[in-house]
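Quick caveat, the model's predicted, so the values are computed rather than measured.
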Amino acid sequence: MSTIPARTRIAPSPTGHMHLGTARVALYDYLLAKKTGGQFILRIEDTDLKRTVPGAEQEIMDGLRWLGLEYDEGPDVGGSYGPYRQTERREIYQHHAKILIDKGHAYPCFCTPEHLDKVRQEQMKRKENPHYDGTCRKLSPDEAARRIANGEAYTVRFKMPQEGVTVAHDHLRGDITTENKQLNDQVILKTDGLPTYHLAAIVDDHEMQITHVLRGSEWLGTFPLHVNIVRAFGWDEPQWIHLSVFLKPSGKGKMSKREAAAAMKDGYSIFIKDMQELGFTPEGVLNWSALMGWGVAEDDVMTVAQMIERFSIDSLTPSPAAINFQKLDHFNATHIRLMSAPDLASRLKPYFIREGLGVDDDVLLKIIPLIRERLTTLDDCVSFGGFFFKDEVSPLPEELIAKGLDAKQSAEILRKSYEILSALAEMSHAAAEPPMRAYVESSGLNINQIFGILRVAITGQKVSPPLFESMEIIGREKCLQRIQNAIGMLGGMG
RNA sequence: GCCCCCAUCGUCUAGAGGCCCAGGACGCAACCCUUUCAAGGUUAAGACCGGAGUUCGAAUCUCCGUGGGGGCACCA
């Protein structure tokens, strides 16, 4: 394991909602930085003005913070390698584009988008690979200078080698060899004076002294370009690590808008901003996404601290991974069970409030042991424990009638229960259960029938936390009142 | 079409030539526990894409197929 402190970065573009893929790369970046005592950096890649959406940058920062992936340097926290927003680094890129031109590694291109489009069409018609035809590569520096002076709009293209091969080294995949004739003279500086990703990322990674570049495998296609740019500058390369992509749950193709919508219908999402609302925890989301692309042999339930402990870029996997939301449920539920009661209580409170329930903090703390292992997502607390915070419950009359009994018999059971329970000074678990069990014994009825009716009367629902523990928390008066109400409902049914 | 990448249970993965008639996790099934629902415990079923090599020996190395994924923009 390398002991050199790693500087890693997550470099999202603010063009839409922050999704799972970004979160997972950020996690690995974070783990590597923390593991080695280095820094984790947020850099906003906003060079495409047309695609930038307002609020997206904030969503990224909120998302990272919600996950607990605090960055050491970034647009809103500063740092000694800023600015951390690429639109604020315009001159840096222009300067570097000029260096490349002066070194003969790049050239101004005056071709219009229309012309380029036409060339591309013709190439495709001839069944050739679409590529830049090299018109401006042949221009003499003098002529190029003259046309620039003339005020002609131009881009800057990187001059790719045309013969031989480019060998790029990826940490997970080894050497990736590409024939240079397959490569293309890509635009690195646009007519608007802003760089494309290819220039911006390379320059920034160097200037910000990034040691490890973790990114999606969708960048493999332009990987040779990137290493050629680094080499043209004469810089040292960072360690390149191309991660696997996420596939949709079926494993057929990557997540699409349509797929994201389908997930939402099932109560899942690939967007970080939705996660909290859906009741997922940062711990669960992190643990889950960490394991898609990271091979851990055993003991796969991990806190972030444990992940830092065990993380290694060598154990990352290069193959595509199908998203499995059931596993998210599992990790989420597991981490909920691992939380301390006060911690869980504070996280649950907003979900009760969201449902318009008034939360008594003492009661909330008391119900934690009762509902904790029943929760898959945090918002499940409402269905399992909402009745604790209501004055009255409204059971469905038909649910008050146990299987095999009629309304009259059920009402009789409730009356008898009332008699037993009202005789108690306190509605404690210890006091209430023995006489009720004795009653079940003597009645000749099934325990599920009697406790079931009582459960519906007390909690208003057929499925609930354990009955007597619940009754203890609800309290004597309220319990007796609820039983009365239920008897009333049954009476009304004739 | 061209280029690149990937390939172990349904899914996520362990496995870096003999420790593997392949281990863990999710899910699934059964049983135990049990006042409902969970949780927990025990058990079961379930995979090395195919074919050639290399080797005494291959899930592990090589090649060829096949399948899957990604890319081929003045987007990232």
For A:N184 and B:C75, give me the distance from atom CG to atom C1', rounded to whole Å. 15 Å
Considering only atom P, compute the distance from B:A38 to B:A30 and round it to an integer number of Å. 13 Å
Of the listed B:A76, B:U35, B:C74, the closest approach to the A:V187 side chain comes from B:C74
Could you state the atom-to-atom distance from NE2 of A:H115 to P of B:C74 in whole Å? 12 Å
Any non-hydrogen side-chain atom of A:D48 less than 4.5 Å from a side-chain atom of A:T196? no
Rounded to the Å, how far apart are A:I323 CD1 and B:U13 P? 12 Å
Would the A:F311 and A:W294 ring centres measure less than 6.0 Å apart? yes
Figure out the CD/C1' separation between A:E433 and B:U34, and round it to whole Å. 11 Å
Test A:I229 against A:L225 for side-chain contact (heavy atoms from CB on, under 4.5 Å), laying out the working first. CA-CA 6 Å; A:I229 293 176; A:L225 199 217; 3.6 Å; yes
Need one value for A:S244: base, sugar-phosphate or nothing, where a base atom within 4.0 Å counts as base even if backbone is also close, heavy atoms only. nothing
In whole Å, measure the gap between the P atoms of B:G67 and B:A16 for me. 31 Å
Rounding to the closest angstrom, what is the interatomic distance between B:C49 and B:U13 at atom P? 15 Å
Counting only Watson-Crick pairs (N1-N3 plus N6-O4 or O6-N4) and G-U wobbles (N1-O2, O6-N3), all under 3.5 Å, who is the partner of B:C37? none
Side-chain N or O of A:R157 closer than 4.0 Å to phosphate OP1/OP2 of B:C74: yes
Toward the 5' end of RNA chain B, by each residue's nearest nucleotide, A:L291 or A:K50: A:L291
B:A59 -> Watson-Crick or G-U wobble partner, both distances under 3.5 Å, gives none
Of the candidate nucleotides B:C2, B:U35, B:G71, which contains the atom at the shortest distance from the side chain of A:E218? B:G71
Distances for protein N/O vs nucleotides 36-39 of chain B N/O pairs under 3.5 angstrom?
unit_1	atom_1	unit_2	atom_2	d
B:U36	N1	A:R455	NH2	3.4
B:U36	O2	A:S464	N	2.8
B:U36	O2	A:S464	O	3.0
B:U36	N3	A:R455	NH1	3.3
B:U36	N3	A:S464	O	2.4
B:U36	O4	A:P466	N	3.1
B:C37	O2	A:R374	NH1	2.9
B:C37	N3	A:R374	NH1	2.2
B:C37	N4	A:R374	NH1	3.4
B:A38	O2'	A:E373	O	2.5
B:A39	O4'	A:E373	O	3.4
B:A39	O3'	A:R337	NH1	3.3

N or O in side chain of A:T317 less than 4.0 angstrom from B:U13 OP1/OP2: yes
Hey, does the Lys NZ or Arg CZ of A:R157 hover above the aromatic six-ring of A:Y107, less than 6.0 Å from the centre and inside 45° of the axis? no
When all nucleic acid strands are considered with a 4.0 Å heavy-atom cut-off, which category describes A:T191: base, sugar-phosphate, or nothing? base
Using a heavy-atom cut-off of 4.0 Å across all strands, would you classify A:G452 as base, sugar-phosphate, or nothing? nothing
Answer with base, sugar-phosphate or nothing: what part of the nucleic acid does A:E114 contact at a heavy-atom distance below 4.0 Å? nothing
May I ask you to test the A:R173-A:F223 pair for a side-chain heavy-atom distance under 4.5 Å? no
Is the distance from the ring center of A:F388 to that of A:F352 below 6.0 Å? no
Consider the side chain of A:M292, meaning its heavy atoms from C-beta on, and name the nucleotide among B:C12, B:A76, B:G69 that approaches it most closely. B:C12
Would you measure the distance from the C1' atom in B:U36 across to the matching atom in B:A14 and give it in whole Å? 39 Å
Using atom NZ of A:K327 as one end and atom P of B:G10 as the other, report the distance to the nearest whole Å. 14 Å
Counting the atoms with a prime plus P, OP1 and OP2 as sugar-phosphate, which does A:V456 contact under 4.0 Å by heavy atoms, base, sugar-phosphate, or nothing? nothing
Can you check the distance between B:C20 and B:G10, where both ends of the measurement are the C1' atom (answer in whole Å)? 22 Å
Determine which nucleotide pairs with B:A29, using a 3.5 Å limit on both distances of a Watson-Crick or G-U wobble pair. B:U43
With a 4.5 Å cut-off on side-chain heavy atoms, are A:Y28 and A:I313 touching? no
Let's test this: given Watson-Crick or G-U wobble pairing with both distances under 3.5 Å, identify the partner of B:G65. B:C49
Classify A:R372 by what it touches in the nucleic acid, base, sugar-phosphate, or nothing, heavy-atom distance under 4.0 Å. nothing
Across the strands shown, which category fits A:G293 at heavy-atom distances under 4.0 angstrom: base, sugar-phosphate, nothing? sugar-phosphate
Any strand, both distances under 3.5 Å, Watson-Crick or G-U wobble: B:A14 pairs with none
Residue pair A:T377 / A:N332, side-chain donor-acceptor N/O under 3.5 Å: no
Return yes when atom CD of A:E309 has more than 12 non-hydrogen atoms of other residues, nucleotides or ligands closer than 6.0 Å, and no otherwise. no
Using a 4.0 Å heavy-atom cut-off, does A:S217 contact any base of the nucleic acid, only the sugar-phosphate backbone, or nothing at all? sugar-phosphate
Look at all strands and tell whether A:P14 reaches a base, only sugar-phosphate, or nothing, counting heavy atoms closer than 4.0 Å. nothing
Under 4.0 angstrom, heavy atoms only, what part of the nucleic acid is A:P113 near: base, sugar-phosphate, or nothing? base
Any side-chain to backbone donor/acceptor pair from A:N324 onto A:Q326? Under 3.5 Å, distance only. yes
Base, sugar-phosphate or nothing for A:W288? Non-hydrogen atoms, less than 4.0 Å. nothing
Assuming nearest nucleotide by heavy-atom distance, tell me which of A:R24 and A:H198 is located more 5' along RNA chain B. A:R24
Pairing nucleotide - B:C2, Watson-Crick or G-U, each distance under 3.5 Å: B:G71
Whole Å only: how far is the NE2 atom of A:H131 from the C1' atom of B:A73? 15 Å
If the P atom of B:C4 is compared with that of B:A44, how far apart are they to the nearest Å? 47 Å
Are A:S417 and A:Y439 close enough that some pair of their side-chain heavy atoms sits under 4.5 Å apart? yes
Could you please name the option among B:G69, B:C5, B:A76 that lies closest to any side-chain atom of A:S13? B:A76
Can you tell me how far C1' in B:A52 sits from the matching atom in B:G18, rounded to whole Å? 23 Å
Just checking A:N129: base, sugar-phosphate only, or nothing, at a heavy-atom cut-off of under 4.0 Å? base
With a 4.0 Å limit, can you tell me whether A:T47 has a side-chain N or O closer than that to the phosphate oxygens OP1/OP2 of B:A76? yes
Base, sugar-phosphate or nothing for A:C111? Non-hydrogen atoms, less than 4.0 Å. base
Would you measure the distance from the C1' atom in B:G17 across to the matching atom in B:U60 and give it in whole Å? 7 Å
Could you check how far CH2 of A:W294 sits from P of B:U11, rounded to whole Å? 23 Å
Closer than 4.0 Å, any side-chain N/O of A:K254 to the OP1 or OP2 of B:G71? yes
Which residue pairs pass the side-chain hydrogen bond (donor to acceptor under 3.5 Å, both in side chains) test with at least one member in residues 216-227 of chain A, sequence neighbours excluded? A:H198-A:H226, A:R215-A:H226
